[in-house]
2 protein chains.
Amino acid sequence: MEPSIDPGASARRAAPTLHVRFSDADAIPFPTRTVERGDALYCMGEPLRSVYTVQSGCFKTVATFPSSNDDSAPHTQVTGFHFADETLGLDGVCTGRHESDAIALESSVVRIMPVGILEPLCREYAAMQHELLAIMSAEIVRASRLALMLGTMPARERVAAFLLDFAERLDARSASVGDQANDLILPMTRADIGSYLGLELETVSRTLSKLQREGAIGLNGRQVRIVDRTMLEHH
Amino acid sequence: MEPSIDPGASARRAAPTLHVRFSDADAIPFPTRTVERGDALYCMGEPLRSVYTVQSGCFKTVATFPSSNDDSAPHTQVTGFHFADETLGLDGVCTGRHESDAIALESSVVRIMPVGILEPLCREYAAMQHELLAIMSAEIVRASRLALMLGTMPARERVAAFLLDFAERLDARSASVGDQANDLILPMTRADIGSYLGLELETVSRTLSKLQREGAIGLNGRQVRIVDRTMLEHH
DNA sequence: CGGGGGGTTGAGATGTCTCAAGGGGTGTGG
DNA sequence: CCACACCCCTTGAGACATCTCAACCCCCCG
């Protein structure tokens, strides 16, 4: 059994990669859980009991750490968006506690994989171990790319990269290679996007408006249509 | 055999955690390699043959990805600094290729752990598997915290957090708990620090100068003395 | 019908970048 | 042994992107 991750997929894309899968567990009848929009799948600091694979719906993960300045608000940021087939909770393995909150952006269903059985399973099945390591490694790369983006790109490029990545992840879950999703419905607010990209929500809004004025995208609230991919990629 | 990572260590610190260890391999006589200052331990795109634990010296890891704008320079950033006892190369597990360059900041020695024997070893020894997972998870957290820092903190806080983290990592490798390292010698240039923190080197230099003027640190080129920890932490 | 959340847009404040100049090391070749 | 080149660092001044504050709109929901 080979890991289901395409080894070239991550290297191929220019924009930061934002998804992680864990499909080898499909065969095992793990229980599922439904989370309503706005509710937390888990919270920061909670003991790590399970990791989760999104079956349907969408989550954001939010990290907080106390401001260096005690009396001011703590730093907080959306560290990722997670769609179907992607795995949540792996950041908690090191401390045994979740390192972020996971909030459902819409009603969602997850498959629950208890950590207690994960490690023994991986010792049993080489392919599963390999895939788990690959997933965690991909998470490292994903986080590093986010840092890279936050450290080096201007607002315009961040938003463009975000949209392209979003579209690409939709592709990955639908139809055959080559037909690209151009109509997106963003499940998150401008504030979420801004937090994720290290921008204020006003900046996100303005940037989207500008991209529309320039003809790169169509925009109607949370509906986004990618009109000119090249313009998004090369600018 | 218990994993040697203190499960609370990472949760305790406020500033982004930046180190990762892998000590269970101590018992195994892995070969070592010396890398001269400025030379690469590995380069981006190279097939992943081994992961490495720093024995002595210091490395930076540098990630690059092509600019969305073809003709302009590609985005590049220092994604981490790695000192003794810390493990390098795990980001490459997902693609089978290294996702960054690792450059020695001074003459350094690493222990080489071939990936081919790592996975079988982990299936054999539960504790080793657990520690490998913990290390990778810690890397995810580390990268996420870096992203958090780049996304939310102003220059002053970034530099302060960088210095505090640096000092803390020195502590971790010396003497008993409680006696804190206050005299640092930075092995990297201002440009490296800036790249890592998402700032220009001039901004780093100005910020350090300002911290000195305010009495928070002593400054003499790459020698930094932490004079007022509180001032660095709470502002 | 009123309230609140989400979104857009404007104008001024501000932090960081950019460009530019100069100083101090260090290594190398004359 | 000196001279030069090169790298690293510092500092200044103006440009510029993003933030901040504020007003307003729309839509949904109670």
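When reading the values below, keep in mind they use all heavy atoms of this one structure, side chains included, and skip hydrogens, waters and symmetry mates. Chain naming here is simple, since letters A, B, ... match the order of the sequence lines and numbering starts at 1 in each.
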Rounded to whole Å, the CD1-C1' distance (A/Ile217 to C/dT8) equals 14 Å
By nearest-heavy-atom nucleotide on DNA chain D, the more 5' of A/Arg156 and B/Glu202 is B/Glu202
Any chance you could lay out the side chain to side chain donor-acceptor pair (under 3.5 Å) test for B/Ser144 and A/Asp91, step after step, and finish with the verdict?
CA-CA 9 Å; B/Ser144 296; A/Asp91 57 351; 5.9 Å; no
Separation of D/dT18 atom C1' from A/Ile193 atom CD1, nearest Å, is 17 Å
Scan B/Gly194 against the nucleic acid and name what it touches under 4.0 Å (heavy atoms): base, sugar-phosphate only, or nothing.
-> nothing
Check whether the side chain of B/Arg222 and the base of D/dT10 form a donor-acceptor pair under 3.5 Å.
no
In whole angstroms, the gap separating P of C/dG6 from CG of A/Asn220 amounts to 18 Å
Practice problem: Starting from the C-alpha separation in whole Å, work towards a yes-or-no answer on side-chain contact (heavy atoms from CB on, under 4.5 Å) for A/His82 and A/Leu41. | Solution: CA-CA 12 Å; A/His82 306 269; A/Leu41 174 61; over 6 Å; no
In whole angstroms, the gap separating C1' of D/dC7 from CE of B/Met188 amounts to 17 Å
Taken to the nearest whole Å, CG/A/Leu199 to C1'/C/dG15 is 15 Å
> Does A/Thr189 make a side-chain N or O approach to OP1 or OP2 of C/dG5 shorter than 4.0 Å?
Replying inline: no
Between A/Tyr42 and A/Thr61, is a side-chain contact (heavy atoms from CB on, under 4.5 Å) present by the stated rule, with each step listed?
CA-CA 10 Å; A/Tyr42 56 76; A/Thr61 47; 4.1 Å; yes
note: B/Glu200, atom CD; C/dG15, atom P; distance rounded to Å ~ 18 Å
Would one find a side-chain N or O of B/Ser205 under 4.0 angstrom from OP1 or OP2 of D/dT11?
no
query = Could B/Glu86 and B/Arg142 be called an ion pair, given the rule that one side-chain N must be under 4.0 Å from one carboxylate O?
reply = no
B/Met153 CE to C/dT16 P, in whole Å, measures 11 Å
Among D/dC19, C/dG6, C/dT16, the one nearest any side-chain atom of A/Thr203 is D/dC19
Any chance CZ of A/Arg225 has more than 12 other-residue heavy atoms, nucleotides or ligands included, within less than 6.0 Å? no
Side-chain contact check for B/Arg206: nearest option of D/dC9, D/dT18, D/dT11 is D/dT11
Rounded to whole Å, the CG-C1' distance (B/Leu219 to D/dC9) equals 10 Å
